[in-house]
Undergrad: 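Dropping a structure here in structure tokens format, bear with me for questions.
Everything quoted here is computed from the prediction, not taken from an experiment.
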Amino acid sequence: MGGACRRVRGTRWWFRCRVPGSLTTRLGLREVTRSLRTSCPREAMRRGRLAWLATETAFRQMASDLSLDAERALVLVRRLLQEALDNSPTAEEIVRRWREDDTSLAGQLFTRSLLEVVPGIPEDGRKKLMLHMDRIAHRLEAANARERAEVEQERAALAVHRAERAAEREGEAQSALAQLSVRVAELEREVEVERRIRERLDARVLPAPAQQAPAEPAAIPAPPASTPANSDAGSLRPSLKTRVNDLGPLFSANESNYLTRRAAPQLGRRALGRKSVEDAEAAFWLWRGLAGDRPMLEYTREQADDLRVDMLRMLAFYGKGGRKYDMREKFGPRHWIDEAEKRQKKIDEHNAALPEGHPKRKPDVERMAFRTVKKHYGALSGYWKWLESRKVLPRGSNIFDEWDWPGTKGRPDDRDAWSVDDLNALLRSSWFAPEAHGTDYWWATVIAMFSGLRVEEIARLRTAHDFQEFDGILCMVLQNQGDWSPKSEAGERVVPVHRQLHALGLRDLIQRRAAEDSYRLLPSLKRGPRGNLGAYLSKDFSAHTIAIGVGDKTVFHSWRHNIRTQLSNVRELQETWIDAILGHRAGSGSPGQRSVGATIYLKGIGAANLDWAIQQVDYGPKVELRRLDPTLLPGPETATGEVCRGERE
């Protein structure tokens with residue numbers, strides 16, 4: 001039957017059947033072989049039975065009709081003799097069927113029965129037939145060679161597959177072993193933490209006999225429901241979840257209470273802005289993801305130090321941007337550490353084949369900055385201090401206090417002032433082209449140029465509230481707006497309008513915005529991801545200045561550097577007047593000692609003195625200010641190698 005006639009070659013099953021002895025002479029074959037074209041044993045069994053039935057039927061027909069082979073061979077010969085050697089459809093059909101494992105036509109041609117046909121063919125026909133048969137035989141051998149090559153390729157592919165599977169199994173085993181090692185290390189750390197907690201509790205309950213027992217902090221019970229809220233919290237203070245045992249509350253128990261309280265105005269303390277609240281949320285998310293949500297007195301300074309190491313290994317953005325909250329719900333902090341290591345490994349593999357200084361070398365993965373780590377530590381430390389001040393935690397339990405942060409303090413030379421060359425390049429650029437005249441970006445830049453206001457202060461200017469006259473002098477009033485306030489208490493100030501802004505038509509712009517019932521002076525400025533109105537303005541301005549060749553340290557904030565330097569070089573101007581215009585604390589712009597009573601005298605400066613001070617802002621004749629408007633003072637066409645008037649060398 002078919003099952004006994006099947007054989008395996010490589011990965012495929014083949015059909016093999018012996019030719020009866022009475023037919024071997026007529027067929028010229030001792031056995032019939034044919035690929036079943038499958039590697040499945042069940043399918044090979046079915047196809048083998050069908051092949052066996054077909055061959056048995058053919059054998060019976062040939063045995064009953066002895067002239068069948070000669071007649072078929074004669075038909076093939078006649079077809080070949082009528083066809084050209086180079087274009088023979090019959091030869092193509094024989095080869096095609098052979099490739100499809102159908103050897104019937106080839107068996108009819110290459111058989112002993114052909115000997116009965118050949119003598120009746122003329123000599124020219126015999127030569128042509130022999131040439132046909134040689135070419136067909138050659139092509140059949142080539143087809144057999146290709147099939148053998150395919151079988152060898154399949155064998156090689158199978159060997160490679162087996163090797164890869166073996167390597168994968170080995171890698172999986174090593175990965176499982178590594179995970180087991182990590183878990184063992186975590187368990188050892190937990191055991192060590194429990195031991196330290198037990199020692200701390202034993203030291204509180206059973207002090208050493210030779211030493212005086214330290215005073216145990218009194219347990220603070222939860223306040224009753226009838227207890228009124230503190231006067232400084234008002235209706236915004238939710239009830240605190242105080243300690244239920246000696247290890248304190250869970251870290252996450254009072255997060256929402258803290259953020260709600262700190263985001264609201266309080267007596268003697270400024271409320272946290274939206275950015276600060278989001279930074280605190282990010283810090284809490286990092287701490288819970290890396291150290292776990294545990295009772296707060298279980299945490300140790302060693303874990304705080306581990307947090308610093310882990311954050312410095314983390315990918316810089318770690319899910320920031322518009323989808324940051326979705327990314328935090330989907331991935332934990334460990335994911336961003338692993339992602340940074342994975343990307344760095346690919347970069348190292350790419351750079352390994354390139355020498356140092358090669359232009360195609362890729363930079364290292366950008367990881368979290370040291371200054372950002374310090375900011376997160378500050379947020380966590382503030383949370384601990386807040387709980388200590390509410391007596392939820394004992395004094396001295398803040399593990400994020402008193403850490404060193406070398407190199408993170410800001411330097412006064414972080415930004416460059418505008419030079420004459422850079423300023424003229426900006427004035428000649430498309431930012432101040434005629435078609436850009438009067439746009440919100442154009443107005444924001446010239447207001448900063450002649451007032452020293454910060455970018456967000458300019459973006460927040462309101463038409464009906466922030467432009468007022470004092471002693472007949474039009475001034476810009478920087479004040480709390482409910483959803484936003486200046487950077488500091490000193491930032492709440494009055495800045496008179498410069499004469500150049502009057503010449504450019506600022507008063508007309510205010511009146512036009514009022515007629516349009518526009519709430520903002522610059523209504524087209526869009527909010528950034530953190531709600532800042534000046535975010536895109538500052539970003540687009542920096543991109544434009546870099547594109548025209550200005551250094552990356554000369555930014556929108558650099559206008560304040562120019563104005564501070566110019567006013568400081570006017571001998572008649574007092575330092576407190578300059579601080580009042582720029583919104584600095586008294587003495588913050590000078591290296592000398594700050595005046596304690598300066599804040600008392602600021603209110604007595606007067607609008608006239610402030611107006612005289614702001615009018616001293618003058619960029620000099622070498623700056624092409626006439627490009628702002630033809631009515632301004634003329635200046636020379638070019639100026640090179642100079643610094644703006646009043647800049648210190």
Undergrad: Closest approach of Ile399 and Ala304, non-hydrogen atoms and distance?
TA: O-CB, 3.8 Å

Undergrad: Is there a side-chain contact between Gln500 and Met449 (heavy atoms, below 4.5 Å)?
TA: no

Undergrad: With a 4.5 Å limit on heavy-atom distance, are the side chains of Arg493 and Leu453 in contact?
TA: yes

Undergrad: Establish, from distance only, whether the side-chain atoms of Gln566 and Asp618 form a donor-acceptor pair under 3.5 Å.
TA: no

Undergrad: Parallel, tilted or perpendicular: which one describes the rings of Phe284 and Tyr383, with boundaries at 30° and 60°?
TA: tilted

Undergrad: For Phe432 and Arg627, run side chain to side chain contact (heavy atoms under 4.5 Å, CB included): C-alpha distance rounded to whole Å, both residues' side-chain angles, the deciding distance at 0.1 Å, then the answer.
TA: CA-CA 7 Å; Phe432 288 100; Arg627 294 184 178 272; 5.7 Å; no

Undergrad: Tell me, do Asn351 and Glu356 make a side-chain contact under 4.5 Å, heavy atoms counted?
TA: no

Undergrad: Could you give me the CA-CA distance, side-chain angles and deciding distance for Trp577 and Leu567, then say whether side chain to side chain contact (heavy atoms under 4.5 Å, CB included) is met?
TA: CA-CA 9 Å; Trp577 295 11; Leu567 297 183; over 6 Å; no

Undergrad: Drop me the distance from Ser538's OG to Ile458's CD1, to the nearest 0.5 angstrom.
TA: 10.5 Å

Undergrad: List for me each residue that meets side-chain hydrogen bond (donor to acceptor under 3.5 Å, both in side chains) alongside Arg520, sequence neighbours excluded, and say none if there are none.
TA: Gln481

Undergrad: Only counting residues at least two apart or in another chain, list the ones meeting side chain to side chain contact (heavy atoms under 4.5 Å, CB included) with Asn480.
TA: Ser485, Glu492

Undergrad: Using a 4.5 Å cut-off on heavy atoms from C-beta on, say whether the side chain of Leu307 contacts that of Tyr377.
TA: yes

Undergrad: Would you name the heavy atoms of Ala459 and Gly534 that are closest together and state the gap between them?
TA: CB-N, 3.8 Å

Undergrad: Quick check for you: to the nearest 0.5 Å, what is the distance between Leu315 atom CG and Glu341 atom CD?
TA: 10.0 Å

Undergrad: In chain order, what residues pass the side chain to side chain contact (heavy atoms under 4.5 Å, CB included) check against Asp338, with sequence neighbours excluded?
TA: none

Undergrad: Determine the interplanar angle of the His557 and His561 rings, folded into 0 to 90°, and report it as parallel if under 30°, tilted if 30 to 60°, perpendicular if over 60°.
TA: perpendicular

Undergrad: For Ser518 versus Thr463, what's the shortest heavy-atom pair and its separation?
TA: O-OG1, 3.2 Å

Undergrad: Is a side-chain N or O of Arg462 found less than 3.5 angstrom from the main chain of Tyr519, in a donor-acceptor match?
TA: no

Undergrad: Classify the angle between the aromatic ring planes of Trp287 and Phe400 as parallel (below 30°), tilted (30 to 60°) or perpendicular (above 60°).
TA: perpendicular

Undergrad: Please assess Leu286 against Met314 for the test side chain to side chain contact (heavy atoms under 4.5 Å, CB included), listing each intermediate value before the final yes or no.
TA: CA-CA 10 Å; Leu286 287 169; Met314 187 175 295; 3.6 Å; yes

Undergrad: Determine the minimum heavy-atom distance between Ala444 and Leu522, stating which atoms define it.
TA: CB-CD1, 3.8 Å

Undergrad: Find the distance between CH2 (Trp443) and CG (Leu461) and round it off to the nearest 0.5 Å.
TA: 12.0 Å

Undergrad: Taking it one step at a time, do Arg564 and Glu575 satisfy salt bridge (charged side-chain N to carboxylate O under 4.0 Å, His left out)?
TA: CA-CA 10 Å; Arg564 177 97 205 181; Glu575 194 76 18; 2.2 Å; yes

Undergrad: Can you list the residues that meet the side chain to side chain contact (heavy atoms under 4.5 Å, CB included) rule with His544, with sequence neighbours excluded?
TA: Leu426, Ser429, Ser430, Trp431, Ile548

Undergrad: Got a second to check how far Tyr619's OH is from Trp418's CH2, nearest 0.5 Å?
TA: 9.5 Å

Undergrad: Does any non-hydrogen side-chain atom of Asn257 lie less than 4.5 Å from one of Trp386?
TA: yes

Undergrad: So, the side chain of Asn424 versus the backbone of Lys622: is there a donor-acceptor pair under 3.5 Å, distance only?
TA: yes

Undergrad: Against Met476, only a single residue in Val494, Val497, Asp466 fulfils side-chain contact (heavy atoms from CB on, under 4.5 Å); can you say which?
TA: Val497

Undergrad: Given the rule in the side chain to side chain contact (heavy atoms under 4.5 Å, CB included) test, do Trp559 and Ile447 qualify, once you have shown the distances and angles that lead to the verdict?
TA: CA-CA 10 Å; Trp559 300 116; Ile447 290 174; over 6 Å; no

Undergrad: Have a look at Asp348 and tell me which of Lys345, Lys346, His350, Gln344 forms a side-chain hydrogen bond (donor to acceptor under 3.5 Å, both in side chains) with it.
TA: Gln344

Undergrad: Any heavy-atom pair between the side chains of Val555 and Thr545 that's under 4.5 Å?
TA: no

Undergrad: Are Arg334 and Asp310 close enough that some pair of their side-chain heavy atoms sits under 4.5 Å apart?
TA: yes

Undergrad: So, Arg527 and Glu456, do they make that salt bridge, N to O below 4.0 Å?
TA: no

Undergrad: State, to 0.1 Å, how close His498 and Val617 come at their nearest heavy-atom pair, and which atoms those are.
TA: NE2-O, 3.0 Å

Undergrad: Measuring from atom OG of Ser524 to atom CG of Leu533, what distance do you get when rounded to the nearest 0.5 angstrom?
TA: 10.5 Å

Undergrad: Which value, rounded to the nearest 0.5 Å, describes the distance between Ile614 atom CD1 and Ser451 atom OG?
TA: 6.5 Å

Undergrad: Identify all side-chain donor-acceptor contacts of residues 502-515 below 3.5 Å with residues at least two apart in sequence or on another chain.
TA:
| from | atom 1 | to | atom 2 | distance (Å) |
| --- | --- | --- | --- | --- |
| Arg507 | NH1 | Glu469 | OE2 | 3.1 |
| Arg513 | NE | Leu521 | O | 2.7 |
| Arg513 | NH2 | Asp440 | OD1 | 3.1 |

Undergrad: Provide the closest heavy-atom pair for Ala613 versus Ile581 in the form atom of the first, atom of the second, distance.
TA: CB-CD1, 3.5 Å

Undergrad: Can you confirm whether Phe331 sits close enough to Glu339 that some side-chain heavy atom of one is under 4.5 Å from a side-chain heavy atom of the other?
TA: no

Undergrad: Assess the pair Tyr536 and Tyr441: is the distance between their ring centroids shorter than 6.0 Å?
TA: no

Undergrad: Quick one: list whatever passes side chain to side chain contact (heavy atoms under 4.5 Å, CB included) with Leu312, sequence neighbours left out.
TA: Arg308, Phe370, Val373

